[in-house]
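One-based numbering along the sequence shown.
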Amino acid sequence: MIQYKDIEAAMTIKLDDVLPEKTVFQEGIRRAPDRGFRLTKAQTEVALKNALRYIPKKYHEEIIPEFLEELKTRGRIYGYRWYPKERIYGKPIDEYKGKCTAAKAMQVMIDNNLSFEIALYPYELVTYGETGAVCSNWMQYHLIKRYLEEMTDEQTLVVESGHPLGLFKSKKDAPRVIITNGLLVGEYDNQEDWEIAEQMGVTNYGQMTAGGWMYIGPQGIVHGTFNTLLNAGRLKLGIADDGDLTGKLFISSGLGGMSGAQGKAGEIANAVAIIAEVDASRIETRHSQGWISHVRNTPEETVALAQEFLQKGESTSIAYHGNIVDLLEYIDQNNIHVDLLSDQTSCHNVYTGGYCPVGITFEERTRLLAEDQKEFRRLIDVTLERHYNVIKSLTAKGTYFFDYGNAFMKSIYDSGIKEISKNGIDDKDGFIWPSYVEDIMGPMLFDYGYGPFRWVCLSGKHEDLVATDKAAMEAIDPTRRYQDRDNYVWIRDAEKNQLVVGTQARILYQDAMGRVNIALKFNQLVREGKIGPVMLGRDHHDVSGTDSPFRETSNIKDGSNITADMATQCYAGNAARGMSLVALHNGGGVGIGKSINGGFGLVLDGSELCDEIIKSAIAWDTMGGVARRNWARNEHAIETSIEYNKNRAGSDHITIPYLADEDLVKNAVSQLFD
């Protein structure tokens with residue numbers, strides 16, 4: 001039988017052999033709701049033993065009651081006692097321990113994800129999206145940090161759903177960290193089985209950039225929302241390529257970690273934006289950060305203020321403290337025209353707190369979630385039906401509604417409203433209203449390779465961010481395409497728009513060529529000592545990183561939108577080409593079993609090796625997705641792939657599809673079925 005002393009002696013990297021003092025929770029910091037306790041007796045025993053695996057045996061008797069109390073009252077074992085006693089935030093890279101730059105860079109990113117300024121529920125390790133977590137518990141957090149402090153540039157740390165499996169010898173051009181989150185075997189790849197596994201402490205919902213340690217605060221989605229709104233205006237409202245949304249009304253809901261960007265994006269696009277939110281604390285956060293300009297508590301006051309700004313031709317953002325359904329029904333009843341309409345509540349967790357029933361307070365929602373989930377579910381279904389009906393009425397009056405990829409329409413379909421299905425049979429072809437990727441982001445950005453490229457200045461110095469902004473702007477030709485003009489203006493005005501929340505970071509939509517050129521410029525600046533190291537990355541929500549039939553791949557119409565080959569190949573290809581961090585997750589912003597998404601991080605240290613990784617990995621990371629979209633016969637992706645083959649002749653080559661004659665195909669198929 002294995003002896004405890006043998007286990008103890010076999011580990012040189014482990015938690016301190018001391019029991020920390022209990023955590024005193026700071027008042028006013030949002031806490032995750034009780035997710036419910038539903039384990040069997042046998043599963044509870046396993047869950048308890050799973051959490052105790054991180055802790056020396058001599059402390060088990062004392063800590064067991066605490067863990068069971070957390071499980072019973074919070075629905076999870078978080079290990080609150082191990083919450084760091086010092087403030088968590090993304091400190092300058094030189095303040096971290098580590099044996100290589102990449103290892104210290106990862107620690108900056110983890111702590112930035114968990115700071116009070118960034119995280120939605122910092123005590124529960126949730127960064128955004130209601131459940132998107134860096135890891136499962138605080139023991140994992142500390143152990144990951146220990147491994148990163150010891151890791152050299154010839155080792156790789158493997159992290160499986162928050163658990164640091166261990167360090168393994170690799171090489172300098174291999175990833176320093178490989179992460180997977182929430183990957184379940186097909187039979188059990190559903191919400192119910194995932195929740196059981198999560199309560200048992202064996203899986204983690206990484207969302208996208210939370211579990212991949214690359215979240216940079218709501219700025220990360222401001223640019224995407226800005227692009228979406230601007231291009232929706234071009235597509236549906238007759239806005240010129242060099243125009244904006246002056247005089248247009250945009251309405252949506254949600255002011256959380258991701259959705260909190262909506263008001264700011266609306267203002268930058270010069271729209272009047274109304275964002276409904278039921279949680280007063282989230283409104284206060286966005287208002288104090290300057291991401292929302294006004295707060296109102298009734299539909300009447302909210303609409304009156306919006307109309308005042310519309311008449312003046314000025315942009316603003318208004319938070320309506322209340323349920324979006326109440327607001328939209330008031331607007332419908334009073335025949336107020338809405339130009340653009342969407343939703344960004346966390347509907348991937350529609351029955352576990354991501355969407356609030358109409359007619360009850362946020363506090364009552366939290367109580368019902370813990371005490372009466374059957375009634376909570378009933379109220380959610382009623383609300384989804386009312387929400388659906390009022391959107392139907394508004395769109396019939398000329399409003400353009402788009403699903404923002406948060407599983408909103410899928411939730412309506414799953415609640416029993418099958419008429420939302422586009423094909424009238426199932427949900428494989430999507431729904432009667434488009435996903436924002438299906439109509440806007442896909443054909444107007446992703447098919448060309450434009451997506452959410454981002455970076456973090458690891459020194460923590462604002463002057464480094466200013467220098468990278470300038471370098472990025474110099475690399476963009478605003479006359480090349482309208483997308484480049486949009487991005488040039490975005491980066492030109494980024495400082496003025498005060499987008500930073502948390503550490504010094506920036507996002508900028510770019511295509512493959514733009515990303516490579518900007519990354520090489522940054523690495524040169526690091527090499528010349530003009531700036532400190534930079535962590536380069538992107539949102540997983542991108543051209544190649546995610547397979548999701550209701551979002552990222554919703555404009556892929558060849559039937560392959562339900563496959564997960566692209567994201568998996570992107571992940572594997574990035575690992576093979578030496579990205580510093582590679583991540584692959586289940587779920588993302590649409591829920592367990594509904595997508596596979598992958599991200600990366602690349603630490604720019606000024607080395608020539610990094611130049612070579614930039615040239616091979618970043619081009620692959622973007623063009624793999626363009627190639628897939630080209631094979632699905634997407635016109636702009638075909639154009640981009642043809643251009644790429646010409647520019648990379650002798651190095652890369654993409655397979656281009658032969659296009660069939662539409663009439664020939666239809667006539668042949670008609671004869672078969674007649």
Side-chain angles (χ1 to χ4, degrees), residues 2 4-17 50-56 79 82 84 91 93-114 125 133-183 201-204 206 210-214 458 533 535 537 571-572 574-585 598-603 605 607 609-610 613 617:
I2 299 173
Y4 178 76
K5 64 179 182 178
D6 296 329
I7 295 173
E8 185 77 9
M11 286 194 296
T12 57
I13 302 175
K14 53 193 173 185
L15 299 185
D16 287 338
D17 190 6
N50 288 347
L52 293 170
R53 288 184 286 198
Y54 298 99
I55 300 163
W82 277 265
K91 299 185 287 291
I93 189 170
D94 291 340
E95 294 184 24
Y96 289 92
K97 299 177 185 177
K99 297 179 179 178
C100 65
T101 301
K104 293 189 283 186
M106 305 302 174
Q107 296 178 69
V108 177
M109 303 306 297
I110 291 170
D111 283 353
N112 189 58
N113 273 224
L114 291 171
L125 302 108
V134 168
C135 51
S136 295
N137 59 59
W138 289 106
M139 295 80 77
Q140 290 177 347
Y141 167 86
H142 286 290
L143 193 52
I144 288 169
K145 283 290 198 73
R146 290 297 171 87
Y147 273 113
L148 291 172
E149 289 172 359
E150 295 297 324
M151 183 175 71
T152 71
D153 61 3
E154 293 187 341
Q155 292 176 306
T156 296
L157 173 62
V158 178
V159 181
E160 296 181 353
S161 277
H163 170 64
L165 195 71
L167 272 179
F168 297 89
K169 182 171 177 56
S170 55
K171 51 185 180 177
K172 290 182 185 293
D173 61 352
R176 298 282 70 83
V177 179
I178 293 181
I179 300 172
T180 52
N181 276 301
L183 301 181
V202 294
T203 194
N204 183 60
W213 309 345
M214 281 300 300
L458 296 165
M535 172 68 93
Y571 166 78
N574 282 339
R577 289 166 177 81
M579 292 292 197
S580 307
L581 176 150
V582 291
L584 190 68
H585 304 163
F600 78 81
L602 177 60
V603 179
D605 59 7
S607 67
L609 173 61
C610 192
I613 295 172

Open item on the list: A side-chain contact here means heavy atoms from C-beta on lying under 4.5 Å apart; do Val177 and Leu148 qualify?
Closed with: yes
- [ ] Could you tell me whether a side-chain N or O of Ser161 sits under 3.5 Å from a main-chain N or O of Gly182, the two making a donor and an acceptor?
- [x] yes
Open item on the list: Is the shortest side-chain heavy-atom distance between Ile144 and Trp213 below 4.5 Å?
Closed with: yes
- [ ] Determine the minimum heavy-atom distance between Arg146 and Leu15, stating which atoms define it.
- [x] NH1-C, 4.2 Å
Task: Any side-chain heavy-atom pair of Phe600 and Met214 under 4.5 Å - done: no
Open item on the list: Please determine whether side chain to side chain contact (heavy atoms under 4.5 Å, CB included) holds for the pair Tyr141 and Val134, giving the CA-CA distance in whole Å, both sets of side-chain angles, and the decisive distance to 0.1 Å.
Closed with: CA-CA 8 Å; Tyr141 167 86; Val134 168; 5.6 Å; no
Task: Side-chain heavy-atom pair Thr180, Tyr571 within 4.5 angstrom cut-off - done: yes
TODO: Locate the shortest heavy-atom distance separating Lys104 from Lys97; write the atom from each residue and the value.
DONE: CG-O, 3.6 Å
Open item on the list: Are the side chains of Glu154 and Lys169 in contact, using a 4.5 Å heavy-atom criterion?
Closed with: yes
Open item on the list: Do Leu114 and Trp138 make a side-chain contact, defined as non-hydrogen atoms from C-beta onward lying under 4.5 Å apart?
Closed with: yes
Task: Distance in Å, Ile179 CD1 paired with Leu165 CG, rounded so as to fall on 0.5 Å steps - done: 13.0 Å
Open item on the list: Nearest 0.5 Å, please: how far is CD1 in Ile55 from CG in Asp16?
Closed with: 12.5 Å
Open item on the list: What I'd like to find out is whether the side chain of Leu125 reaches to under 4.5 Å of the side chain of Asn204, using heavy atoms alone.
Closed with: no
TODO: Say whether, by atom type as modelled, one donor and one acceptor occur between the side chain of Gln140 and the main chain of Val159 under 3.5 angstrom.
DONE: no
TODO: Tell me yes or no: between the side chains of Asp111 and Tyr96, is some donor less than 3.5 Å from an acceptor?
DONE: yes
- [ ] Would you name the heavy atoms of Leu584 and Leu183 that are closest together and state the gap between them?
- [x] CD2-CD1, 4.2 Å
Task: Under 3.5 Å donor-acceptor, Lys14 side chain and Pro56 backbone - done: no
Open item on the list: So, taking the atom named CG in Asp173 and the one named SG in Cys610, what distance separates them when rounded to the nearest 0.5 Å?
Closed with: 12.0 Å
Task: Closest approach of Ala102 to Val603 (non-hydrogen atoms, all atoms of both residues) - done: CA-CG2, 3.8 Å
Task: From CE (Met151) to SG (Cys100), nearest 0.5 Å - done: 4.5 Å
Task: Nearest atoms (heavy-atom pairs only) where Val108 meets Lys91 - done: CG2-O, 3.6 Å
Task: Nearest-0.5 Å distance that lies between atom CG in Leu581 and atom CG in Leu602 - done: 10.0 Å
Task: Test log, rule side chain to side chain contact (heavy atoms under 4.5 Å, CB included), inputs Glu149 and Gln107 - done: CA-CA 9 Å; Glu149 289 172 359; Gln107 296 178 69; 4.1 Å; yes
Task: Exam field: side chain Arg176 to backbone Ser580, donor-acceptor pair closer than 3.5 Å - done: no
- [ ] Using a 4.5 Å cut-off on heavy atoms from C-beta on, say whether the side chain of Met106 contacts that of Met535.
- [x] yes
Open item on the list: Once rounded to the nearest 0.5 Å, what's the spacing between atom CD of Glu160 and atom CG of Asn181?
Closed with: 10.0 Å
Task: Atom of His585, atom of Gly212 and distance for their closest heavy-atom approach - done: CE1-N, 3.3 Å
